[in-house]
**Student:** 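I have a structure I would like to understand better, so I am pasting it below and will then ask my questions one at a time.
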2 protein chains.
Amino acid sequence: MFGNPWIHKRMMQEGLRMTQTRMIILDVLSKRPEHHFSAEEIFIIAHRINPTIGFATVYRTLDLLTRLGVIQKFDFGDGKARYELMMGNKISHHHHLVCTGCGKIIDYTDFTDEEKELMERTEKALSEKYKFKIKNHIIQFYGLCNDCNVERR
Amino acid sequence: MFGNPWIHKRMMQEGLRMTQTRMIILDVLSKRPEHHFSAEEIFIIAHRINPTIGFATVYRTLDLLTRLGVIQKFDFGDGKARYELMMGNKISHHHHLVCTGCGKIIDYTDFTDEEKELMERTEKALSEKYKFKIKNHIIQFYGLCNDCNVERR
DNA sequence: TCCTTATTGATAATAATTCTCATTATCATT
DNA sequence: AATGATAATGAGAATTATTATCAATAAGGA
Ligand SMILES: [Mn+2]
Ligand SMILES: [Mn+2]
Ligand SMILES: [Zn+2]
Ligand SMILES: [Zn+2]
């Protein structure tokens, strides 16, 4: 069962409770840290583990974890929200290429040091200029994957 | 009435028709190039100009214009899609700060030359590495605006 | 003007997400 | 370990943004 002390502590601080359902949902997410889960996918798997879990609770939990910064919520344009664990041990922070032809999502993490450094500088500059406390960011490139680009001739 | 020759030509090429309704919707968007329109907002204004315009057509047109790259579609997390003209004469391409407290959206265009150049290099590198034809991109920073950050103490 | 067909408006249908409320489970305290 | 305040849950109804359907209309090439 999922037992991340950082998350647990964080919840306690906020007066929240670490319930079975929340642990199961975190478990589901942590088993495939590279996957872009829809709420329904999470519900189906969690429900298989514990059939008493309801759909509404999955939504509530995903919303909570997003607010806590434990997971990140994405919109890839297919009409449903997608979720990913933010602290996936290996994958860590990354961005996405979104194919508008077939919906394929490509993760990419290969930042150069230069890129990382520039992002940090940009964030700092924006924070100061707009008095805006930045918590996280999303970068998505839209276009056509190789398959979709080829078949278009 | 909106008469952008580039858009008109582009549509003709694709066998599309430049209709009254499409011109009115483009008009609405071009009148406030800095605004983040919801479909409903556009419908209301367009409908005031020509009460025969229907809601479904607004959605269809927004979808079409997005596919053509004339407008850009955004998700700022409030449950409805937002649209902006891409070729706003002055504003041009820009990114967003999204306040998760009150939903306020701040545009920012102030890229350094370094940033612009790096984005281009990154796009090129990604295109080659992943054989992915990039059409556009979205960058959003999430966090708290000044008002929301202050009142949190 | 005529003809082909892309487009439209009205409306029903769909589907993701949120709300309601009675019941249950968590956890600090005893 | 038992208690109690209340955060959390599940079931299902409700909401709401977006799509699909289909007969009627209008764009634009000839
Ligand atoms: Mn990812
Ligand atoms: Mn904007
Ligand atoms: Zn594709
Ligand atoms: Zn705010």
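Throughout, a chain's letter reflects where its sequence line sits, starting with A, and its residues are numbered from 1. Keep in mind that the numbers below use all heavy atoms, side chains included, and drop hydrogens, waters and symmetry copies.
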**Student:** Under the side-chain contact (heavy atoms from CB on, under 4.5 Å) criterion, do A/Asn149 and B/Lys131 qualify, and how do the steps go?
**Tutor:** CA-CA 9 Å; A/Asn149 198 32; B/Lys131 304 266 190 303; over 6 Å; no
**Student:** Hey, is the side chain of B/Tyr59 poking within less than 4.0 Å of OP1 or OP2 on D/dT18, counting only N and O atoms?
**Tutor:** yes
**Student:** Using whole Å, report how far NE2 of B/His47 lies from P of C/dA10.
**Tutor:** 7 Å
**Student:** Please tell me if B/Arg22 has a side-chain N or O lying less than 4.0 Å from either OP1 or OP2 of D/dA27.
**Tutor:** no
**Student:** Counting any heavy atom closer than 4.0 Å, what does B/Arg60 reach on the DNA or RNA strands: base, sugar-phosphate only, or nothing?
**Tutor:** base
**Student:** Measure the distance from OH on B/Tyr83 to C1' on D/dT18 and round it to the nearest whole Å.
**Tutor:** 9 Å
**Student:** In whole angstroms, how far is the P atom of C/dT5 from the CE atom of B/Met11?
**Tutor:** 19 Å
**Student:** Base, sugar-phosphate, or nothing: which does A/Ser38 touch, judged by heavy atoms less than 4.0 Å apart?
**Tutor:** nothing
**Student:** Could you please name the option among C/dT17, D/dG10, D/dA27 that lies closest to any side-chain atom of A/Ile53?
**Tutor:** D/dG10
**Student:** For a quick check of understanding: with a heavy-atom distance under 4.0 Å over all strands, which category does B/Thr57 fall into, base, sugar-phosphate or nothing?
**Tutor:** base
**Student:** Counting side-chain heavy atoms from CB outward, which of D/dA8, C/dT17, C/dT26 is closest to A/Leu16?
**Tutor:** D/dA8
**Student:** Tell me the interatomic distance from A/Leu68, atom CG, to D/dA7, atom P, rounded to whole angstroms.
**Tutor:** 15 Å
**Student:** Among the nucleotides C/dC27, D/dT18, D/dA27, which one has an atom lying closest to any side-chain atom of A/Met12?
**Tutor:** C/dC27
**Student:** Whole Å only: how far is the CZ atom of B/Phe37 from the P atom of D/dA17?
**Tutor:** 17 Å
**Student:** Does the separation of the ring centres of A/Phe43 and A/Phe55 fall below 6.0 angstrom?
**Tutor:** yes
**Student:** To the nearest Å, give me how far apart CD (A/Gln20) and P (D/dA7) are.
**Tutor:** 20 Å
**Student:** Please determine whether a side-chain nitrogen or oxygen atom of A/Thr52 lies at a distance below 4.0 Å from atom OP1 or OP2 of D/dG10.
**Tutor:** yes
**Student:** Are A/His94 and A/Tyr108 an aromatic pair by the rule of ring centers under 6.0 Å?
**Tutor:** no
**Student:** Before giving the answer on side-chain contact (heavy atoms from CB on, under 4.5 Å), spell out for B/Asn146 and A/Phe132 the whole-Å C-alpha distance, their side-chain angles and the decisive distance to 0.1 Å.
**Tutor:** CA-CA 6 Å; B/Asn146 195 32; A/Phe132 194 97; over 6 Å; no
**Student:** How many whole angstroms separate atom NZ of A/Lys9 from atom P of C/dC27?
**Tutor:** 17 Å
**Student:** If you assign each of B/Ala81 and B/His8 to its closest nucleotide in DNA chain D, which residue comes earlier from the 5' end?
**Tutor:** B/Ala81
**Student:** Could you state the CZ-C1' distance from A/Arg82 to C/dT17, rounded to the nearest angstrom?
**Tutor:** 15 Å
**Student:** Using only side-chain N and O atoms of B/Thr19, determine if any of them is under 4.0 Å from OP1 or OP2 of C/dT8.
**Tutor:** yes
**Student:** If you take atom types as modelled and just measure distance, does the side chain of B/Arg17 reach the base of D/dG29 with a donor-acceptor pair under 3.5 Å?
**Tutor:** no
**Student:** Can you confirm whether the side chains of B/Glu41 and B/His35 place a donor and an acceptor under 3.5 Å from each other?
**Tutor:** yes
